[in-house]
Amino acid sequence: MKQGKKICVLGTGNVGATIAYTIALSGMAAEIVLIDIAKDKAIGEAMDISQGNSHITPVNIYSGDYPDAKGSDIVITTVGIARKPGMTRIDLAQTNVNIAKDVIPQITKVCPDAVYVIVSNPVDVITYTFSKRSGLDKSQIIGSGTTIDTSRLQDNLAAKLAIDPRSINAYVLGEHGDTSFIPWSVSNIMGIPLLDYCKEVSVDIDTDKVLDEVRKAGAQVISKKGATYYAIAMSVAKICDAIIKDTKTVLPVSNYLDGQYGISDVCVSLPHVVGANGVSKTLLPALTDGEVAQLKASADALKSVISSLDI
């Protein structure tokens, strides 16, 4: 019998293993099952984390196969080939879509009621693939989306403004990729419009430069160390925490759109209310006409990619 909350992690590469480790440290799950085609890798990662149980709230972490995922409250998918230096997320598209198409029927058969957190890149495309092929309610399928981009933005601005990044209410929306954008019109610090705050403290913010820095942040890490996995693991853990604790947290995650801002049949990041059943509500900030145009351009770019793929 399942005791406590159970999370399944599909894929135990750098990202999947670090997510499992971060979740274990958080104490949010009583049980974590790791599934990977490279079975020894999954076994080793589970053993390595389990051997630290005396230092944390103990978690039953083990490797397994799809049937072992039964009863999972959350399924996190990181399966697919990793992004390499010089490679865009879209370069991964068809290969990782094919892997997702193979995984979907196997995992949804045993976990029809789980909330799925998609991390595999290109995340919006893979989230769309799950939304179209799984037969699950769209609310159950959440892409990590621009949660990581938003964290990078807040870190970037915090360094420039010398304040706690958690005090910065600024977000990245749209594609997790080269067409993402920052809705500066709704960005603020304790209700003070962010750009007004910058003037008050005499800090000159080049908004175009900040967006460029945020878009390139992941690629810079990859160029230095070969992969990114710590910040995305923390971002995914935050999403999972909202699901496990049913906190109804508003997060910039990717979800299937059906008419919001006139956009349909694509997955992009908007502020969504996330809780035990996945996405319960999509928030629609009062974006400027220019920002709505940027969001639509981002959605159109993804639709163009999707139309070229066999999903």
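Residues take their numbers from the sequence shown, with the count starting at 1. Quantities reported herein were computed from a predicted structural model and do not represent experimental measurements.
Here Asp246 pairs with Lys248 in a salt bridge; the nearest charged N to carboxylate O distance falls below 4.0 Å. Using a 4.0 Å cut-off between charged nitrogen and carboxylate oxygen, Asp212 and Lys216 count as a salt-bridge pair. Residues Arg215 and Glu175 are not paired through a salt bridge, judged by the lack of any N-O separation under 4.0 Å between the basic side chain and the carboxylate. With respect to Asp204 and Lys199, no salt bridge is recorded, no charged nitrogen being found less than 4.0 Å from a carboxylate O.
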For this session: Run the numbers on Ile35 and Cys8 for side chain to side chain contact (heavy atoms under 4.5 Å, CB included), then give the verdict.
Result: CA-CA 8 Å; Ile35 299 174; Cys8 170; 3.7 Å; yes

Problem set entry | Intermediate values then yes/no, side chain to side chain contact (heavy atoms under 4.5 Å, CB included), Lys6 and Ile74 | CA-CA 7 Å; Lys6 180 176 180 179; Ile74 300 173; over 6 Å; no

For this session: Decide side chain to side chain contact (heavy atoms under 4.5 Å, CB included) for Ile118 and Ile142; before the verdict, give the C-alpha distance in whole Å, the side-chain angles of both, and the deciding distance to 0.1 Å.
Result: CA-CA 6 Å; Ile118 313 302; Ile142 301 172; over 6 Å; no

Problem set entry | Pair Ile306-Val266, side chain to side chain contact (heavy atoms under 4.5 Å, CB included): steps then yes or no | CA-CA 9 Å; Ile306 288 168; Val266 70; 4.2 Å; yes

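The shortest non-hydrogen separation linking Ile239 to Val274 is O-CG1, 4.3 Å. Of all heavy-atom pairs between Phe130 and Ile141, the closest is O-CD1, 3.5 Å. Across all non-hydrogen atoms, the minimal contact from Val115 to Ala276 is CG2-O, 3.4 Å. Ser72 approaches Cys111 most closely through the heavy-atom pair CB-SG, 4.1 Å. Taking every heavy atom of both residues into account, Pro183 and Leu287 meet most closely at CB-CD2, 3.7 Å. Heavy-atom minimum distance, Gly174 versus Asp124: O-OD1, 4.4 Å.
Residue Ile163 is found in a hydrophobic cluster whose other members, listed by chain and number, are Leu153, Leu157, Leu161, Ile168, Val172, Ile182, Trp184, Ile189, Ile192, Leu194, Leu195, Tyr197, Val201, Val203, Ile205, Val210, Leu211, Val214; membership requires side-chain heavy atoms under 4.5 Å apart, directly or through intermediates.
Rounded to the nearest 0.5 Å, atoms CG (Asp310) and CD (Gln94) are 5.5 Å apart. The CD1 atom of Ile263 lies 3.5 Å from the CG atom of Leu295; values are rounded to the nearest 0.5 Å. Between the OG1 atom in Thr150 and the NE2 atom in His176 there is a gap of 10.5 Å [rounded to 0.5 Å]. Interatomic distance, Lys41 NZ to Ser63 OG, rounded to the nearest 0.5 Å: 12.0 Å. Note that CG of Asn255 and NZ of Lys138 are 9.5 Å apart. Values are rounded to the nearest 0.5 Å. Of the inter-residue distances, the one linking Tyr116 atom OH with Ile243 atom CD1 reads 12.0 Å to the nearest 0.5 angstrom.
Shown here is Asp289, whose CG atom has no more than 12 heavy atoms of other residues, nucleotides or ligands within 6.0 Å. Within 6.0 Å of the CD1 atom in Ile37, the count of heavy atoms belonging to other residues, nucleotides or ligands does not exceed 12. Residue-environment remark: OH (Tyr230) stays at or below the threshold of 12 foreign heavy atoms within 6.0 Å. For Lys303, the NZ atom is densely surrounded, since the number of other residues' heavy atoms within 6.0 Å is greater than 12. Within a 6.0 Å radius of CG in Asn53, more than 12 heavy atoms belonging to other residues, nucleotides or ligands are found.
Under 3.5 Å, the side chains of Tyr256 and Asp265 contain a donor-acceptor pair of N or O atoms. Asn96 and Ser120 share no donor-acceptor pair across their side chains, judged by distance under 3.5 Å alone. There is no side-chain donor-acceptor pair under 3.5 Å between Tyr171 and Gln154. Side chains of Ser235 and Thr147: a donor-acceptor N/O pair is absent below 3.5 angstrom, by distance only.
Under the 4.5 Å side-chain criterion, counting only non-hydrogen atoms from C-beta, Lys101 is in contact with Arg133. You'll find the side chain of Asp68 reaches within 4.5 Å of the side chain of Asp65, heavy atoms only. Residues Met190 and Ser167 are not in side-chain contact: their nearest non-hydrogen atoms beyond the backbone lie 4.5 Å or more apart. Within the 4.5 Å cutoff, the side chain of Ile61 has no heavy atoms near those of the Met47 side chain. Put simply, the side chain of Cys240 reaches to within 4.5 Å of the side chain of Ile76, judged on heavy atoms. Taking 4.5 Å as the limit, every side-chain heavy atom of Val117 sits out of range of all side-chain heavy atoms of Thr77. Within the 4.5 Å cutoff, side-chain heavy atoms of Ile148 are placed close to those of Arg152. Using a 4.5 Å cut-off on side-chain heavy atoms (C-beta onward), Val253 and Ser144 make no contact.
Residue Ile19 is tested with Leu34, Val236, Ile7 for a side chain to side chain contact (heavy atoms under 4.5 Å, CB included); the sole match is Val236.
Legend: residues meeting side chain to side chain donor-acceptor pair (under 3.5 Å) with Thr127, ordered by chain and number and at least two apart, are absent.
A cation-pi arrangement is found for Lys225 relative to Tyr229, the charged atom lying closer than 6.0 Å to the ring centre and inside a 45° cone about the ring normal.
Within the 3.5 Å criterion, the main-chain N or O of Asp137 finds a donor-acceptor partner in the side chain of Gln140. Put simply, the side chain of Asp36 never gets that close to the backbone of Lys39: no donor and acceptor are under 3.5 Å apart. With Glu291 contributing its side chain and Thr288 its backbone, the two residues share a donor-acceptor pair below 3.5 Å. Looking only at distances, no side-chain donor or acceptor of Ser50 sits under 3.5 Å from a matching main-chain atom of Ala46. For Thr95 (side chain) and Leu92 (main-chain N/O), no donor-acceptor pair under 3.5 Å exists by modelled atom type. At distances below 3.5 Å, not a single donor-acceptor pair connects side-chain atoms of Glu31 with backbone N or O atoms of Ala29.
Residues Val119 and Leu251 share a hydrophobic cluster, clusters being chains of Ile/Leu/Val/Met/Phe/Trp/Tyr side chains in contact below 4.5 Å. No chain of hydrophobic side-chain contacts below 4.5 Å, direct or via other Ile, Leu, Val, Met, Phe, Trp or Tyr residues, connects Ile244 to Val75.
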